[in-house]
Amino acid sequence: MDMETEGFKDLLQQAEQLTAEMDSGTDLPHVERNLAQILESGQRLISRTAPAAHDDSDIKAAVLLGSKGYVLPKIAERLDGLKASTTFEPLEPVRDTDIQGFLKNERENALLAVIEQTRKHTFDEVERHQWESMENEWEREKQKILNTLLGSGPDLFDFQPETESMSSETIFTRGRSNLDHIEVAYARQVFVYNEEVVANSIRPSLVDLFMDVAKKINDKSVQDLWEMILCMTDIPLPSSYSSKPGALRNSKDTQRLLVSKAIRHLETNFCQYLKTVVYENLEQSQLGGVPGTYNLVRSYLKLHLPVMAFSPEDGMLDDQPVWALIYYCLRCGDLKAAQQVITKVSHQLGDFPSYFKEYINNPQHKLSIANDTKIKLQYRRVVKNSHDPFKRAVFCVIGQCDPHEDHADISDKIDDYLWLKLSQVEFDKVDSGQEYLTLEALQKLLYEDYGENHFQAYQQPMLFTQVLVLTGQFEAAIEFLSRLEHLRHHAVHMALVLYEQNLLFIPTSSQAPLLSREPSDPPGVQRLNLARLIMMYTRKFEATDSREALQYFYFLRNLKTPSGENLFMTCVSELVLETREFEMLLGRLEKDGTRQPGAIDKFCQETGKIIELVAHDTEAKGMFEEAVTLYELAKNQEKAISLMNKLLSKVVSLSSSPESNRDRLQKQAVFMAERFRAMGQHTSTTNSGTFYLLLDLITFFDFCHTGSVDEALDIMKQLKLLPFSPEEVELRVSSFRNYTDEIRRNLPDILLAVMNLLHRKYVSIRSSGPLSPVPTVGVVKDGGKENYLNYLRNQAKTLIMFAGMLPYRLPGDVNARLVQIEVLMH
């Protein structure tokens with residue numbers, strides 16, 4: 001009885017263990033039924049299987065799944081709740097106890113994550129490269145647009161009618177050149193200047209050369225402009241100064257000298273004006289025979305005595321107001337004549353004679369601190385309220401009093417106004433409590449506060465230019481003139497003169513706007529982008545007058561691009577690419593390898609660097625044939641032959657026709673080979689071997705296309721590129737690894753061509769009669785027809801073997817065609 005109890009316990013323990021194992025392997029609950037429930041379920045299943053006509057698939061499925069403990073309705077509900085995933089999603093985690101399933105699931109999740117990450121990264125990279133390409137392209141287009149704009153600023157698109165009519169001399173000539181006769185004259189002087197600079201390393205007076213052009217132009221305003229530039233640029237260079245552009249302008253001494261030059265120019269013009277008025281009215285002016293400024297001024301006042309509301313102060317001299325005589329003598333720049341007037345009436349002028357004596361004895365025409373304080377005090381207390389405008393003006397000039405007073409009564413012309421203001425400019429700040437006029441304040445007043453609208457700049461462009469130049473605002477004056485089509489050539493050549501005199505502020509970046517400022521610049525300083533101005537000017541005629549454009553680009557030889565390249569070389573590269581004048585600008589190579597010089601040779605001794613830069617830019621733009629010629633012209637044979645190999649590899653197997661791409665490249669390659677033979681070759685063995693092998697392959701395919709079977713096969717056997725016997729297969733496969741990609745990519749076409757040649761020869765021999773002569777081959781001793789056919793079959797099999805052993809994946813259709821042709825030979 002005890003043994004039976006122990007046996008039942010063992011059975012019960014085993015049953016529970018089986019139940020536990022069954023429960024651990026499924027997510028569904030274990031179904032427990034009694035006998036009555038089992039019987040009821042059996043009856044229900046039998047009743048469902050009774051009709052033979054009904055589909056019993058559900059019954060069979062229920063019986064099958066029921067035997068494993070699954071309920072079919074619940075499984076159907078779970079399957080309906082499943083949805084196909086449309087994206088890469090991690091798989092559902094498995095139970096912690098299933099290690100194999102967990103590892104498999106983790107591996108699949110990792111693969112899916114890598115795929116998703118790679119896909120996202122690829123799309124991001126493509127989008128980034130697309131935007132970079134678009135930005136670079138837009139940057140290039142933007143530079144072209146900016147170079148063609150007439151100017152910048154808020155008034156750029158404001159239409160301003162031009163009242164000055166253009167003379168017949170400014171009409172463009174109808175010849176090949178796009179330059180009119182004035183621009184041709186300027187370009188000729190630029191050529192003369194550059195010739196002296198290059199040949200003799202000396203700088204002739206560029207302003208004098210342009211002055212000769214202005215004298216030949218029937219336009220007084222243009223002559224006046226260049227006379228003003230001649231006066232303002234007549235500044236001796238100090239023994240030691242920085243060669244940085246515009247460095248000379250930063251000096252206070254230079255600024256003081258510029259102001260004195262401007263004052264002197266205004267005084268000379270006014271004196272000439274007085275002479276013109278007086279000499280035209282000698283009877284009324286009663287000049288007399290005594291020369292001198294005093295008599296000239298006195299005669300002028302007889303003709304044009306200013307209308308004054310009150311009587312002049314401090315008496316008369318020779319029937320003319322004293323202060324008017326003093327003022328006009330000062331206005332003519334003759335201090336001795338003014339001293340002559342003051343000496344005659346010194347007893348009437350109080351302390352002023354002592355002030356004036358100190359003024360003329362000082363080299364910089366400055367008063368001592370004591371006298372400066374006295375004259376300013378006297379002006380504020382007495383003179384400022386004087387009814388004599390000339391007296392007020394003289395005090396303001398000598399003592400630099402009241403810089404805000406415009407003296408409208410006597411300075412009704414812009415020349416008079418500028419002379420008064422420039423005479424009051426102070427460079428040494430003696431007393432911060434005193435009011436003074438700085439050059440920067442005067443520049444701001446005229447250019448920004450008054451501006452173009454006040455001076456009616458578009459109706460009177462030369463007047464506004466005069467205002468800017470005489471106040472030292474060269475950059476703004478040039479930028480303004482460059483906006484006007486009929487005056488732009490004057491602006492460009494003004495800029496060249498100032499740049500050569502080191503008086504022009506230019507930006508640090510060649511891509512800056514035409515007129516700009518930098519954060520570190522002091523007030524009043526503006527920078528002119530000389531490179532942009534020259535390129536904007538030359539764009540008009542660079543296509544028809546490339547040599548002239550090259551002359552202007554030579555002025556940019558000391559400037560750099562943002563990437564550090566020489567701006568002259570960069571402009572030459574763009575000029576060559578735009579005009580395609582490779583031989584004229586860069587020279588050309590003869591068949592014997594000698595180089596004929598081009599237009600750039602006289603500008604630079606290291607022409608190879610320029611030519612190589614042009615070649616690099618040409619290659620970057622996809623002009624590979626021209627780049628090959630340029631690299632060879634720059635004596636960079638390695639790059640030239642490497643690029644030629646890439647071009648030849650694309651056309652080796654094509655059929656040749658006159659003027660085709662293949663025919664043109666073949667001729668160019670043959671000329672290169674001839675030059676290499678004449679002048680020597682300095683390239684790597686790999687590139688040179690590939691080059692000559694490609695030329696031989698071109699000859700091989702020429703024979704193939706013309707039907708010269710024997711000649712083509714002989715060339716291929718001499719090249720030893722393919723095996724023609726089983727003993728050569730391993731050697732040719734081993735040698736194939738040493739060939740470059742240019743040769744490898746043509747291998748499928750070469751294999752097909754040789755196989756077609758063998759098949760064509762096979763068909764020709766097979767169709768020949770028994771009396772037909774059979775070619776004798778070294779390996780065919782009896783010369784029999786059948787033996788020769790077997791020989792051709794063996795060569796075809798050898799090619800199939802070679803193609804199969806190559807460590808190079810051939811296209812699938814190539815292998816199929818090779819096998820197909822080989823089958824046709826049996």
Side-chain angles (χ1 to χ4, degrees), residues 13-32 57-58 60-139 620 646 649-650 733-734 736-748 751 802-819:
Q13 184 178 0
Q14 293 177 4
E16 290 178 350
Q17 183 176 357
L18 289 175
T19 303
E21 291 178 357
M22 183 181 299
D23 291 341
S24 63
T26 178
D27 294 337
L28 298 175
H30 183 64
V31 179
E32 296 182 357
S57 59
D58 293 342
K60 294 179 180 179
V63 173
L64 176 62
L65 296 176
S67 63
K68 298 296 183 179
Y70 295 96
V71 180
L72 183 60
K74 294 184 178 180
I75 294 177
E77 293 177 359
R78 294 188 63 183
L79 291 176
D80 292 338
L82 295 178
K83 294 182 180 179
S85 178
T86 58
T87 58
F88 294 112
E89 296 178 357
L91 301 177
E92 293 293 334
V94 297
R95 299 177 66 90
D96 296 339
T97 56
D98 188 0
I99 298 177
Q100 295 296 332
F102 174 77
L103 294 177
K104 180 180 180 181
N105 197 12
E106 287 297 315
R107 178 176 179 275
E108 291 178 353
N109 285 340
L111 291 176
L112 292 177
V114 170
I115 293 173
E116 177 65 17
Q117 184 179 2
T118 304
R119 183 184 69 87
K120 185 177 182 301
H121 177 72
T122 302
F123 277 98
D124 292 342
E125 283 293 311
V126 170
E127 186 177 5
R128 185 177 63 83
H129 284 297
Q130 179 187 6
W131 280 110
E132 287 182 357
S133 177
M134 292 178 65
E135 288 177 358
N136 293 334
E137 183 178 359
W138 167 239
E139 186 65 27
K646 295 179 181 179
S649 66
K650 299 178 181 179
V733 170
S734 178
F736 181 78
R737 296 184 176 91
N738 299 325
Y739 292 115
T740 60
D741 291 337
E742 288 80 11
I743 302 298
R744 292 180 181 181
R745 67 167 59 102
N746 285 285
L747 184 64
L751 284 171
F802 173 75
M805 294 178 63
L806 280 176
Y808 181 79
R809 185 174 181 179
L810 298 175
D813 59 332
V814 173
N815 288 319
R817 291 174 63 185
L818 290 174
V819 173

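- Across all their heavy atoms, M805 and V733 have their closest contact at O-CG1, 3.7 Å.
- When the side-chain hydrogen bond (donor to acceptor under 3.5 Å, both in side chains) test is applied to T740, the partners found at least two apart in sequence or on another chain are T690, E742.
- R817 meets the side-chain hydrogen bond (donor to acceptor under 3.5 Å, both in side chains) test with no other residue; sequence neighbours excluded.
- Scanning both residues, L806 and L747, for their nearest heavy atoms gives CD1-CD2, 3.1 Å.
- For the side-chain contact (heavy atoms from CB on, under 4.5 Å) test, residues two or more places apart in sequence or in another chain that qualify with E106 are F102, N109.
- For V114, the side-chain contact (heavy atoms from CB on, under 4.5 Å) criterion is met by T118, not counting sequence neighbours.
- For the pair P748 and V814, the tightest heavy-atom approach, listed with the atom from each and the gap, is CB-CG2, 3.9 Å.
- Annotation: the span from N746 atom CG to L751 atom CG amounts to 11.0 Å, rounded to 0.5 Å.
- Taken from CG in L112 to CZ in R107, the straight-line distance is 10.5 Å, to the nearest 0.5 Å.
- Under the ring-ring contact (aromatic ring centres under 6.0 Å, His included) criterion, F736 pairs with Y808, not counting sequence neighbours.
- Sorted by first then second residue, the salt bridge (charged side-chain N to carboxylate O under 4.0 Å, His left out) pairs that include residues 122-131, not counting sequence neighbours, are K120-D124, E125-R128, R128-E132.
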